[in-house]
Amino acid sequence: MIFIVVRFRTKPEWAERWLDLVADFTEATRAEPGNLFFDWSRSVDDPTEFVLVEAFEPDGAGPHVNSDHFAQAMADMPQALAETPRIINTTIEGANGWSPMGELTIG
């Protein structure tokens with residue numbers, strides 16, 4: 001599994017509109033055959049910071065970054081950003097999504 005986390009810091013005037021700006025990109029990415037998940041969160045400490053947690057099957061990341069919707073998002077996002085996004089991109093061998101947490105089991 002290719003696991004990616006990206007932190008985006010928006011300009012203050014874009015904070016409330018960020019999720020609207022990336023809505024089409026999010027929907028199209030979630031529909032990709034190799035996408036495992038693509039989830040946005042907003043920082044509880046900084047309302048201008050959004051975190052994207054995404055994962056792809058091993059062959060899914062290439063088609064993603066070469067897609068039309070990826071290119072469009074890369075063209076649309078800079079207007080709203082205060083700085084270059086920060087990223088962690090790694091491959092987790094043998095993983096294919098979320099697993100139950102062993103230290104905290106409910107039921």
Check: Yes or no on side chain to side chain contact (heavy atoms under 4.5 Å, CB included) for L52 and D39, after CA distance, side-chain angles and deciding distance?
Finding: CA-CA 6 Å; L52 174 61; D39 299 322; 5.8 Å; no

Next item on the list: Check step by step if salt bridge (Lys or Arg N to Asp or Glu O under 4.0 Å) holds for E54 and R30.
Entry: CA-CA 9 Å; E54 56 186 304; R30 288 177 176 167; over 6 Å; no

Margin query: Go through it in stages, so that I can follow the logic: the residues are L21 and Q79, the test is side chain to side chain contact (heavy atoms under 4.5 Å, CB included), and I'd like the CA-CA distance, side-chain angles, deciding distance and then a yes or no.
Written below: CA-CA 10 Å; L21 179 68; Q79 66 182 320; 3.8 Å; yes

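Grouping the Ile, Leu, Val, Met, Phe, Trp and Tyr side chains by contacts below 4.5 angstrom, directly or via other members, places I87 with V22. In the hydrophobic cluster analysis, where Ile, Leu, Val, Met, Phe, Trp and Tyr join through side-chain heavy atoms closer than 4.5 angstrom, F70 is grouped together with L19. Placement of V65 and M74 within a single hydrophobic cluster is found when ILVMFWY residues are connected by side-chain heavy-atom separations under 4.5 Å, directly or transitively. When the side chains of ILVMFWY residues are joined at heavy-atom separations under 4.5 Å, either directly or via intervening members, V51 and F56 end up in two distinct hydrophobic clusters. In terms of hydrophobic clustering, with Ile, Leu, Val, Met, Phe, Trp and Tyr side chains grouped at heavy-atom distances under 4.5 Å, F37 and V5 are assigned to a common cluster.
Remark: aromatic rings of W40 and F8 are close, center separation under 6.0 Å. Taking the centre of each ring, F38 and F25 come in below the 6.0 Å mark.
Taking the side chain as every heavy atom from C-beta outward, V6 and F50 never approach each other to under 4.5 Å. Taking 4.5 Å as the limit, some side-chain heavy atom of R42 sits within range of a side-chain heavy atom of P47. Looking only at side-chain heavy atoms (C-beta outward), L36 and W98 stay at 4.5 Å or farther from each other. Using a 4.5 Å heavy-atom cutoff, the side chains of M1 and N96 are not in contact.
In the model, Q72 has a side-chain atom that pairs as donor or acceptor with a side-chain atom of D76 under 3.5 Å. In this model, no donor atom of one side chain and acceptor atom of the other lie less than 3.5 Å apart for H69 and E27.
Shown here is D46, whose CG atom has more than 12 heavy atoms of other residues, nucleotides or ligands within 6.0 Å.
Distance alone, capped at 3.5 Å, places no donor-acceptor pair between the K11 side chain and the T48 backbone. Formation of a donor-acceptor pair under 3.5 Å by the T10 side chain with backbone atoms of L81 is not found in this model. No donor-acceptor pair under 3.5 Å is formed between the side chain of T29 and the backbone N or O of T26.
The pair R7-E49 meets the salt-bridge criterion, since a charged nitrogen lies less than 4.0 angstrom from a carboxylate oxygen.
Interatomic distance, CZ of R9 versus CD of E83, reported as 5.0 Å (0.5 Å rounding).
The shortest heavy-atom contact between P78 and A75 is CD-O, 3.6 Å.
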